[in-house]
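Values below: every heavy atom of this structure, side chains too, minus hydrogens, waters and symmetry copies. Just so it is clear, the model here is predicted, and its values are computed rather than measured. Positions are given from 1, in the same order as the sequence printed here.
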Amino acid sequence: MSTEYPDVLGDLTNARRRFEVNGVHYLAELDPPVVAPGEATSARVLLQSCWDVPVQVSVSLHLPANPPHAFSVIQPRTDVPLEAAEVGEVRVPIATSAGLVPGRYPISLVLGASYESRGLYVRGQKGENRLGETLLTFETGMALSRTLGLGFVSQAVPEQVLPLEVEGPAHSGPAPDLTPTYLSHWTVQDLPIDGKARHQVNDRLLYIMPQITRQALYLAFLEESQERLRDAHLPLQIGEALFLAKILTFTVEYFFKRPERQEAILVPAFALAYRYNLQADDPVFLIARADYGRIARLATSLSFGLLRKRIGRDIWTIEEQVAVADLVADRVERGGVLPAEFLYLPLLLGGLMVAGDVQMPGEQAAQSLALFDQARQKRTEELAENPELVQLLKVLMKQAAQAA
């Protein structure tokens, strides 16, 4: 191997165990995995080339023969040209007939990979986990794999059988578009930006870290949170803003406690500066404002982990937790309506759990909790449909008051 390129696939999905064909990592699934008769699904294949030369990937689908003509695709084989070291995903739609009997049907996917001239490996067939054990309940979508490495092993398997569940009443509607699509997630053009950010962080770390004080982070998150949630049609009460700033600040400090994890916060933030020509001399601005959406996603995962540790179980499945993180990150980045329920569970619950760990000079813990309780009471109607959340709020507020 000449140069080790980042493992981007691990940030797109849980890819600690993945498959490989001729130097191309892949993971495949049906999206959605459950459809009604007459509805369409898609074979979604995530691809990561390990070569420094272009690669031609073929995705072939073998549909169930029984019953005849119950499944259809626009073509049985889809060819995907990958640039050197490119990471992306291909979607191949699959239609089902309205008369299909409900049941489980196996769809076979065969992957091939070829190249005109053999190059050098720029990614290995296994990776080291430099993140280590954390309280995070999920690790995708937060640049942890490409900055630190989450660890993985790959297995040479060219064929996967993807089960499709067909259930419910028949669906009638317009014929679906069966055109395959491709989305690129990373190319070698991204490498110089990532490399420059990492180089800047490593060279200036002794200068950067003293600027990132708890108070500076907290105040920046406090201001930015109010702006972001206002755009998400969820104006924050002061008590909500205080405890949201607490969990966001705690999240950054959680990674900063161990030097080997600092890059997970700093490198993506500085990469944003170089990608969008932002000022790179204020690391607090880059973390708390430019990279607010990613930090909110990290805080969501960490809050679920803190809650799991506190009550001994997960309230929601990992898939549901990721969906909440996706929703929150999307709303604070692009706007749109964010229901209060998805701010309280888990982020404001997380803020309650770390309240004693993130205290500002002169802050009165009892006063902050009183402000939070006032805000919660104003949300009574909005939160009433989630009684488990309401009960958790009462328990955690009582515990926070006892610790104050």
(request) Could you check whether the rings of Y5 and W186 sit parallel, tilted or perpendicular, using 30° and 60° as the cut-offs? (result)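 Aromatic pair Y5/W186 classed perpendicular.
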
(request) Classify the ring geometry between F19 and Y26 as parallel (under 30°), tilted (30 to 60°) or perpendicular (over 60°). (result)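 F19 vs Y26 ring planes: tilted.
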
(request) Answer yes or no: is there an ion pair linking R376 with E381, defined by an N-O contact shorter than 4.0 Å? (result)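 Salt bridge: no.
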
(message) Return the CG to NZ distance between L222 and K246, rounded to the nearest 0.5 Å.
(response)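 L222 CG to K246 NZ: 10.0 Å, rounded to 0.5 Å.
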
(request) Verify the distance criterion only: is there a donor paired with an acceptor across the side chains of S154 and Q125 at less than 3.5 Å? (result)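 S154 vs Q125: donor-acceptor pair found between side chains.
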
(message) Taking the basic N atoms (NZ, or NE/NH1/NH2) and the acidic carboxylate oxygens, is any pair closer than 4.0 Å for R44 and D31?
(response)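 D31 and R44: not salt-bridged.
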
(request) May I have the step-by-step check of side chain to side chain donor-acceptor pair (under 3.5 Å) for R379 and Q237, ending in yes or no? (result) CA-CA 10 Å; R379 303 282 188 194; Q237 305 293 323; over 6 Å; no

(request) For a salt bridge (Lys or Arg N to Asp or Glu O under 4.0 Å) with D7, tell me which candidate from R146, R16, R123, R18 qualifies. (result)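 In the set R146, R16, R123, R18, the residue that makes a salt bridge (Lys or Arg N to Asp or Glu O under 4.0 Å) with D7 is R18.
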
(message) Taking the basic N atoms (NZ, or NE/NH1/NH2) and the acidic carboxylate oxygens, is any pair closer than 4.0 Å for R258 and E260?
(response)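 Looking at E260 together with R258, the answer is yes, because their closest N to O distance falls below 4.0 Å.
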
(message) Under 4.0 Å between a side-chain nitrogen and a carboxylate oxygen: does that hold for E223 and R289?
(response)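 A salt bridge is present here (some side-chain N lies under 4.0 Å from a carboxylate O).
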
(message) If we count only N and O atoms by modelled type, under 3.5 Å, do the side chains of T137 and Q321 hold a donor and an acceptor together?
(response)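 The answer is yes; a qualifying pair exists.
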
(message) To the closest 0.5 Å, what do you measure between CG (L266) and CD (Q200)?
(response)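 Nearest 0.5 Å value for the CG-CD distance: 11.0 Å.
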
(message) Walk me through whether D11 and T140 qualify under side-chain contact (heavy atoms from CB on, under 4.5 Å).
(response) CA-CA 5 Å; D11 285 324; T140 55; over 6 Å; no

(message) What I want to find out is whether D194 reaches K196 closely enough, with some N-O distance under 4.0 Å, to be called a salt bridge.
(response)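 The answer is no: the pair does not qualify as a salt bridge.
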
(message) With side chain to side chain donor-acceptor pair (under 3.5 Å) as the criterion, how do E240 and Y344 come out once you've worked through the C-alpha distance, each side chain's angles and the decisive distance to 0.1 Å?
(response) CA-CA 9 Å; E240 295 168 333; Y344 275 78; 2.6 Å; yes

(message) Applying salt bridge (charged side-chain N to carboxylate O under 4.0 Å, His left out) as the test, list every pair that has at least one member in residues 149-175; sequence neighbours left out.
(response)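 For residues 149-175, and leaving out neighbouring residues, the salt bridge (charged side-chain N to carboxylate O under 4.0 Å, His left out) pairs sorted by first residue read R104-E165.
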
(request) With the side chain counted from C-beta on, respond yes when L371 and S368 share a heavy-atom pair under 4.5 Å apart, and no when they do not. (result)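 No; the side chains remain at least 4.5 Å from each other.
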
(message) Please identify which of these residues, V332, V328, L302, D326, meets the side chain to side chain contact (heavy atoms under 4.5 Å, CB included) condition with R297.
(response)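 Running side chain to side chain contact (heavy atoms under 4.5 Å, CB included) over V332, V328, L302, D326 with R297 returns exactly one hit, D326.
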
(message) Side chains of S184 and E86: any donor to acceptor distance under 3.5 Å?
(response)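 Short answer, yes.
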
(message) Whether the Y292 and S225 side chains hold a donor-acceptor pair (N or O, under 3.5 Å, no angle test) is what I'd like checked.
(response)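 Their side chains do contain a donor-acceptor pair, which is all the 3.5 Å distance test asks for.
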
(request) Can you spot which of V45, T181, L183, V59 makes a side chain to side chain contact (heavy atoms under 4.5 Å, CB included) with R91? (result)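 Exactly one candidate clears the test, T181.
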
